[in-house]
Peer 1: 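One structure, pasted below without further comment.
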There are 2 protein chains.
Amino acid sequence: MPSIRDVAKQAQVSTATASRALRGLPAVTAETRARVERVAAELGYVIPFNASSLASGRTNSVGIVVPFVSRWFFGTVVAGAETVLREAGLDLVVYGVPGAPSRERFFAELPVRRRVDAVLVLCLPLTRCEADALLALRIPVVLVGSTADGISSVRIDDVASSARAVRHLVELGHRRIGLLGESDPPPHGFTTPGLRRNGYLRVLAEAGIEPDPDLEVAGRFTATEGEAAMARLLARRNPPSAVFAMSDEMAFGALQALRRARVDVPGGMSVIGFDDHELAAALDLSTIAQPVFAQGERAAGLLLDQLRRQAPPADVVLPTELVRRGTTGPAAALN
Amino acid sequence: MPSIRDVAKQAQVSTATASRALRGLPAVTAETRARVERVAAELGYVIPFNASSLASGRTNSVGIVVPFVSRWFFGTVVAGAETVLREAGLDLVVYGVPGAPSRERFFAELPVRRRVDAVLVLCLPLTRCEADALLALRIPVVLVGSTADGISSVRIDDVASSARAVRHLVELGHRRIGLLGESDPPPHGFTTPGLRRNGYLRVLAEAGIEPDPDLEVAGRFTATEGEAAMARLLARRNPPSAVFAMSDEMAFGALQALRRARVDVPGGMSVIGFDDHELAAALDLSTIAQPVFAQGERAAGLLLDQLRRQAPPADVVLPTELVRRGTTGPAAALN
DNA sequence: TTGAAAGCGCTAACAG
DNA sequence: CTGTTAGCGCTTTCAA
C-alpha cells in the first residue's frame, strides 16, 4: 500500500507539499499540484482516513442519531443529510436509538465522543440533561424536528400546520372533527403529538366548536394503530363527520377502517393526514405536506456552517402546505 | 482532554496496560482492570477513535452502500445491520448511491478505501468490474439482495417466492393473471424484476396457461407506477381476473386504480403483492412476506464472521412466506 | 512556494 | 501479568 512518502518521492517534492497538494490547499503551484495528483492517481494512493484524522484532529465524520432508520420520515431525512454531507466530503455515521434502553446508553456512553466532528439528532426532544451532555462535547449539534436552548434546529411549525389541516375541514363545513394520534405518553417523549393537538384545539376554538374528548383517540403513528383508532371512533354513539390523523400512516389505517365499515369517503367521512407520505398521492389522501428531504439537507447545511465558521445557533422553520386530494369533502347538509 | 497517559499515571500502570484493560483484553488482572476503568470513568476518558485506528490498522467501521435510505426496504435492512454492528462495537457509515452518477463515482473513487473494515452492498447487482474493484480492497464484502462470484450474499429466492404468489392465484382458479412491475431496463440494473417474472412464467407453464404479453405491464416499484400500470391493464380489451404486483408498493397503487375504476377486490380482481410492507397488513393486502430486518442482521453477522476469522464466502437464502389476506379470492365461475 | 521535523495518541511486539 | 519502546502515516508549524 503506497504512502504519501512514495507519492512525494516520485513527484519529487516533500511529503508536506504532497499533503498540501492532495488536500487542495492554496499554497501550491498548479504545476506541482498536477504532478502530485498524477503520481497519486498512478499509484492508486488515497489519504488514509485515520492518519489524517489523528494528525489534524478532525474526523471528517458526522454522527446522526435516529430512532428508526426504517421509517419513511427518518430515512428520508437521513438521505437528505447524507447527500449534502457527502458532497462536502463528510461521512455519515448512523446511531440507531429505537428504544429507551438504546437511547439511555447512547447518552450515557456518548459513542460519538472523539468519533465525529458534529452531530445531527432526529426527532428526539432532548431532556436538559441530554442536551447538556451533547453541548459538553463542544462540537456542532443540529436538531431536526425538535428544539432545545442553545442548539440549532430545523423543523416545521406543527401547531400552525395542524391548524391548517383542521381549518380545511372546518371550511368544508365540518363541526364534529375527530383527532387521531395523541398517545399519552408518546414514545421517546415525542412532542409532536402535543403540538399537533394544540393546533387542532386552536381551530376548534376559533370556530367556536366545543372540544369533545370523545372525539380524540390515542394511537401511535402507524397504520395499524390508525385503523384501530378509527374503528373505535366509529363505534362511538355520535361519530364525527371528519377526522384529522396526525400522520399519513395513521390516516391510511383510518381509510382502511372506513372501507371495512363501508363508510364512504369523503361522502360519509372526510379524512386528512399529515406528512405527504410517499404513498399519500397514490391513496389520494388530503394532507399537510412537509419538506422532509429538505429538512435533512438544511440541517446538514447548518452543520457545515457551524463547522466552517463559528455560526451561532439558528432555528429554521420550513414551510408546510395543504394538499387537497380526494379524501376530504363538504360536510353533509344536516351536520 | 485526558489521554491514556493520564489514565495510566493515575491508575499507576503503564499506558500499555491501561490500553489492554480498557479494551477488555484478557492479559490483565481483574483488580488492575477495575482500577483502570474507574480512573478512566472519573476522568471521562474514552479511547480516541483515530489514534486507536492508526495504531491498530483497524477502523472499527463498516460501510453500507445503499440506493435509497428513504425506501422502506432499504431503511429496514440498514436498521437490521446497524443493530448487529453496534452491538459488536462497529460503526456504520452510509454511502448513498441514488442514481447512476453517484454509483459511478462511488466505484471510481471508492471512498470506503482505507476508511472501513468491511462493506455491505444493498441490492446493487454488481458488474464484474464493480465486484472486482470491491474485492481488490481485500476486506470483507457482503451483498444483500444480489449475488456475485466470490462474494458473500444474503437474499431470498425471488423465483420460487414469486412462483408461490402466482400459484396462490392459480389455486384460486385464476387463469388470466396480470403481472405488474417488469420495467426494462430496470433502474440500477436491478435483477429482481427479471427473477420475479421468471417465477410468474414458471407457474403459468406448470398450469398450462399460455403467457399473454398483453397482461404484463412495466413500471417501477412505486405506488404511483403501480396505479398507472393497473389502469393500463384495466383498459385492455380482455383484462385479467387477478394480478401479481412485484412489490407491495405497486400493489397499493393497483388497489387505488381498482377503487377508482370501481372494481371490487377480490370479487372482480384479486391482487397479490410482494414484500409484506409495513402497510400491507393495514391495507389487507395478500402478499409474499420476506424477512427484511433479518436480512440486514444476517448480512452484518456474515461480515462479523469474516472479520473475525477468515470465513469463506457464503450465500444465505432466507425463507419467504405466503400471507393470505383480503385482496385475493376465488376466480368468478366463468373465467 | 517549499522543506524539515516534531508531534497527533494510541497499539503491539518484545522483554521481563 | 506488566512495562518499554518503536512505530502507525499523516499534518502542521517554522524556517528558508
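Throughout, a chain's letter reflects where its sequence line sits, starting with A, and its residues are numbered from 1. Below, each value reflects all heavy atoms present in this structure, side chains not excepted, and no hydrogens, waters or symmetry copies.
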Peer 1: Can any side-chain N or O of A/R155 pair as donor or acceptor with the backbone N or O of A/V317 at less than 3.5 Å?
Peer 2: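 Side chain of A/R155 to backbone of A/V317, a donor-acceptor pair under 3.5 Å: no, none is there.
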Peer 1: Between A/E31 (CD) and C/dT1 (C1'), how many Å, whole number?
Peer 2: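 Going from CD in A/E31 over to C1' in C/dT1 covers 12 Å.
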Peer 1: Suppose we screen for side chain to side chain contact (heavy atoms under 4.5 Å, CB included). Which residues come up paired with B/R23, at least two apart in sequence or across chains?
Peer 2: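 Scan of B/R23 (side chain to side chain contact (heavy atoms under 4.5 Å, CB included), adjacent residues dropped) gives B/S19, B/R20, B/L25, B/I47.
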Peer 1: What's touching nucleotides 2-4 of chain C from the protein side, N or O pairs under 3.5 Å?
Peer 2:
residue	atom	partner	partner atom	Å
C/dT2	OP1	A/T29	OG1	3.2
C/dT2	OP1	A/T32	OG1	2.6
C/dT2	OP2	A/T29	N	3.2
C/dG3	OP2	A/S14	N	2.8
C/dG3	OP2	A/S14	OG	3.2
C/dG3	OP2	A/T17	OG1	2.9
C/dG3	N7	A/R20	NH2	2.8
C/dG3	O6	A/R20	NH1	3.4

Peer 1: Would you say B/S19 reaches C/dT11's phosphate, i.e. side-chain N/O to OP1/OP2 under 4.0 Å?
Peer 2: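 Yes, such a contact exists.
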Peer 1: Check residues 89-100 of chain B and write down every donor-acceptor pair under 3.5 Å in which the side-chain atom is one partner and the other belongs to a residue at least two apart or another chain.
Peer 2:
residue	atom	partner	partner atom	Å
B/D91	OD1	B/R86	NH1	2.9
B/D91	OD1	B/R86	NH2	3.4
B/D91	OD2	A/R115	NE	2.5
B/D91	OD2	A/R115	NH2	3.2

Peer 1: A/R5 CZ to D/dT11 P: how many Å, rounded?
Peer 2: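 After rounding, the gap between these two atoms is 12 Å.
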Peer 1: Side-chain donor-acceptor contacts of residues 132-150 of chain A below 3.5 Å, not counting sequence neighbours, with atom names and distances?
Peer 2:
residue	atom	partner	partner atom	Å
A/D132	OD1	A/R128	NE	3.2
A/D132	OD1	A/R128	NH2	3.1
A/S146	OG	A/L124	O	3.4

Peer 1: Whether A/E42 and A/R38 form a salt bridge (side-chain N of Lys/Arg under 4.0 Å from carboxylate O of Asp/Glu) is what I want to check.
Peer 2: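 The answer is yes: the pair qualifies as a salt bridge.
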Peer 1: List in numerical order all residues of residues 42-61 of chain B for which some heavy atom is under 4.0 Å away from an atom belonging to DNA chain D.
Peer 2: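 Output list: B/L54, B/A55.
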Peer 1: Give me each pair satisfying ring pair (Phe, Tyr, Trp, His ring centres under 6.0 Å) with a member in residues 62-91 of chain A, each pair once, sequence neighbours excluded.
Peer 2: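 Applying ring pair (Phe, Tyr, Trp, His ring centres under 6.0 Å) to every pair that reaches into residues 62-91 of chain A, excluding sequence neighbours, yields A/W72-A/H277.
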Peer 1: Looking at CG of A/L22 and OG1 of A/T15, how far apart are the two atoms once the value is rounded to the nearest 0.5 Å?
Peer 2: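 Going from the CG atom of A/L22 to the OG1 atom of A/T15 covers 11.0 Å.
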Peer 1: Might you confirm whether atom CZ of A/R298 has over 12 heavy atoms from other residues, nucleotides or ligands at distances under 6.0 Å?
Peer 2: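 Check fails, neighbour count at 12 or below.
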Peer 1: Just the rounded figure in Å: distance from P of C/dA12 to CG of B/L25.
Peer 2: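 Roughly 8 Å, once rounded to whole Å.
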Peer 1: Could you state the CZ-C1' distance from B/R113 to D/dC10, rounded to the nearest angstrom?
Peer 2: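 Roughly 17 Å, once rounded to whole Å.
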Peer 1: Send over the distance from A/R114 CZ to C/dC8 P, rounded to a whole Å.
Peer 2: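 One finds 12 Å between P of C/dC8 and CZ of A/R114, rounded.
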Peer 1: It should be established whether A/R23 places a side-chain nitrogen or oxygen under 4.0 Å from OP1 or OP2 of nucleotide D/dT12.
Peer 2: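 Yes, A/R23 has a side-chain N/O under 4.0 Å of OP1/OP2 on D/dT12.
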